[in-house]
Structures are given as C-alpha cells and as structure tokens.
Amino acid sequence: MQRIAIVIVILALFFGSQSVFTVNEAQRAVKLKLQEVVKTDYEPGLYFQVPMVNSVIKFDGRIQTLDAKPQRYLTFEKKNVQVDSFVKWRIGDGPDDLRNYYTSVGGDPLRANQRLFQLVDKALRDEIGKRTIQEAVSGERAEIMRIINEIIAKKAIELGIKLVDIRIKRVDLPADISQAVFDRMSAERDRIAKELRARGRAQAERIRAEADREYTVILAKAYSEGQSNRGDGDARAAELYARAYNKDPEFYSFYRSLNAYTEAFKDKDDIIVLEPDSEFFKYYKRSTIK
C-alpha cells in the first residue's frame, strides 16, 4: 500500500507539473490540442492545461535580426554591385499572426530568416536591376529601402511576421571590380599629375627665361648708363683739369708729378730704375718752384 501511495503521489506531482505553465514578457505561446492550434492570445502569467491532451509551445517574442552575407546584384547597365543589408522583425501582434508563424515556419526563427532572405533577395534584385550604379550606390538608396520595406511588410504578414525595418548598410562594387576601378583612377591621377608637373616645368622655364632676359636688359641698360655717366664724368674732369692747367700750368705739372710719385712708390719694396736726369725727377732736382 505504501508503494502504491508513493506512485500515486509521484503521478500527481507529474500531472500537476504538466498542468501548469507560465508565459513571461519576452515570450509568445500557442496551445495545441492533439497538434491543432486552439489558443494563441496568452498574456504574461500563469496558466493551466490538460496533460496528454494539450501541449504548449513558446516562442521568442523579441525583435530578431536577419544579417545575411553581402549579395551581388546586376544594375540596369548589367554591372555587378555588392549589397550588404539587414532585416529587423518580430512575431506579429495579433493571434492570427502567431498561428501563421507556427504553421508557416514551425515557429523556427532560422526558417523564418530563410524565408525573409528569399523575399528580400528577390525585392533587392528587382529594384537594383531598374537602376544605374550611381543611383543604386547613392542617388536612390533611401527610395530603394522604402519600396522594399513596403513589399516585404505585406508579404511578411503571411508568415505571421511583423517587419520592423530593412536597411541597406553598404552598396559597393565587388572587390575585383573595385580594384580595377581603383587602378584606373590611380592611373588617371598619375596622368593628371604628370601633366600638371609638365605644365609647371614649362611655366618655370618661361618665367626663368623671362627673368634672364629682363636681367640682361637691365644689366645692359645699367652698363650703358654707367658708361654714359663715366664719359660725362671724364669729360667734366678733363674740362676741370684743362681749366686748372690754364690757370697755373706749373702747379698743375707739379700736382701731376706728385700723383705719379704716389702711384710709383705705393709699396716700400717698389723699385724704379731711371736715369738721374730723367724728366720724372724734375721736381726732385729743384729746390723751389718758379
């Protein structure tokens, strides 16, 4: 009897535990009766069920993220672009949404991501195929996201999913094409740089030649003016010398002799060999000047 009582207690505890379940704030739950959905509108709290007849499946009701690998798409010009996007979604708010989510993807977030990826991939392929590279990369990215959000939001309802947002993170050229474009841009920049350097050298040569020409002209003009001034000075000096000579020829002759002596004996080592009766020593021989 004691064993029977223990078995009964264990069974009671087992069925009691199977009769109670809880739903928290982050969960959504469906009750099944013989694998058929009978209830989906559970609020957070404590609930009861009939063991062996009913079963409860709980799902994560928080926002989920689909962040797939970047995909290649053809633009209107048949050029490849690489698009990196992500999707934010969660289970719909209504009881029918939860039912559709369970029946369409089995309540599995991975299967839901796969279905959403197929929808988003097709929508991106269609929209980018209508646009050029420039429009897809920068010009109409916001418009593409708006259109895709509208398309996917309608189709996601059939899966019991509420679309939160779809965003395009990046639209790039594939790596091989990007490298080719970079190489072409680099070559173009090198060509422009060489052309600018060549223009700079040519302009420098012109400026240098012009400066040399101006220098030569200025120097020649200065030399000409110098010679002219020197000629005027010499003429003026000759005139003054002539006047001085006419006033006192003897003094002028003496003055010139002194200058000659000064120039001849600038250094103490200077030596001059002349006859004593040379005209050069005229004033050495005379004690007075008449």
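In this structure, the side chains of Arg206 and Gln203 come closer than 4.5 Å at one or more pairs of heavy atoms. Proximity of Glu77 to Ile133: side-chain heavy atoms (C-beta onward) are separated by under 4.5 Å at one or more points. No side-chain heavy atom of Asp97 sits under 4.5 Å from any side-chain heavy atom of Glu158. In this structure, Leu159 and Asn100 have side chains that are not in contact, with every pair of non-hydrogen atoms separated by 4.5 Å or more. Proximity of Phe117 to Gln71: side-chain heavy atoms (C-beta onward) are separated by under 4.5 Å at one or more points. Counting heavy atoms from C-beta on, the side chains of Ile161 and Leu116 come closer than 4.5 Å. Within the 4.5 Å cutoff, the side chain of Ile91 has no heavy atoms near those of the Lys162 side chain. The closest side-chain heavy-atom distance from Val87 to Val120 is below 4.5 Å.
The shortest heavy-atom contact between Ile128 and Ala136 is CG2-CB, 4.4 Å. Minimum interatomic distance between Ile166 and Met145 (heavy atoms only, all atoms of both residues): O-SD, 4.0 Å. Closest approach of Val23 and Ala29 over heavy atoms only: CG2-CB, 3.8 Å. Between Gly106 and Phe59, the shortest heavy-atom distance links the atoms O-CE2, 4.4 Å.
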Going through the distances and angles, do Thr75 and Thr132 end up as a side-chain contact (heavy atoms from CB on, under 4.5 Å)? CA-CA 6 Å; Thr75 64; Thr132 63; 5.8 Å; no
What verdict does the salt bridge (charged side-chain N to carboxylate O under 4.0 Å, His left out) test give for Arg167 and Asp165, after you've listed the backbone C-alpha separation in whole Å, the side-chain angles of each residue and the deciding distance to 0.1 Å? CA-CA 7 Å; Arg167 290 286 171 178; Asp165 198 9; 2.8 Å; yes
Please test Asp84 against Lys169 for salt bridge (charged side-chain N to carboxylate O under 4.0 Å, His left out), starting from the C-alpha separation and ending with a verdict. CA-CA 5 Å; Asp84 189 5; Lys169 293 190 288 185; 3.6 Å; yes
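One distance of note links CD1 of Ile57 with CD of Gln27; it measures 12.5 Å at 0.5 Å rounding. If you take CG on Leu32 and NZ on Lys39, they are separated by 13.0 Å, rounding to the nearest 0.5 Å. Note that CG of Leu124 and CD1 of Ile144 are 8.0 Å apart. Values are rounded to the nearest 0.5 Å.
Every side chain to side chain donor-acceptor pair (under 3.5 Å) that Arg199 has, sequence neighbours left out, goes to Glu195. The side chain to side chain donor-acceptor pair (under 3.5 Å) test applied to Ser85 returns no partner, not counting sequence neighbours. Under the side chain to side chain donor-acceptor pair (under 3.5 Å) criterion, Arg197 pairs with no residue, sequence neighbours left out. In this structure Lys31 satisfies the side chain to side chain donor-acceptor pair (under 3.5 Å) test together with Tyr42, sequence neighbours excluded.
Other residues, nucleotides and ligands place more than 12 heavy atoms under 6.0 Å from the CZ atom of Arg146.
Every pair passing side chain to side chain donor-acceptor pair (under 3.5 Å) that includes a residue from residues 102-129 is listed here, sequence neighbours excluded: Tyr73-Asp121, Trp89-Asn113, Asp121-Arg125, Lys122-Asp126, Glu127-Lys130, Glu127-Arg131.
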Show the atom names and distances, to 0.1 Å, of all donor-acceptor pairs under 3.5 Å that link a side chain in residues 221-232 to residues at least two apart or in another chain.
from, atom 1, to, atom 2, distance (Å)
Gln227, OE1, Arg230, NH1, 2.2
Asn229, ND2, Glu225, O, 3.1

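The closest donor-acceptor contact from the side chain of Arg28 to the backbone of Gly92 lies under 3.5 Å.
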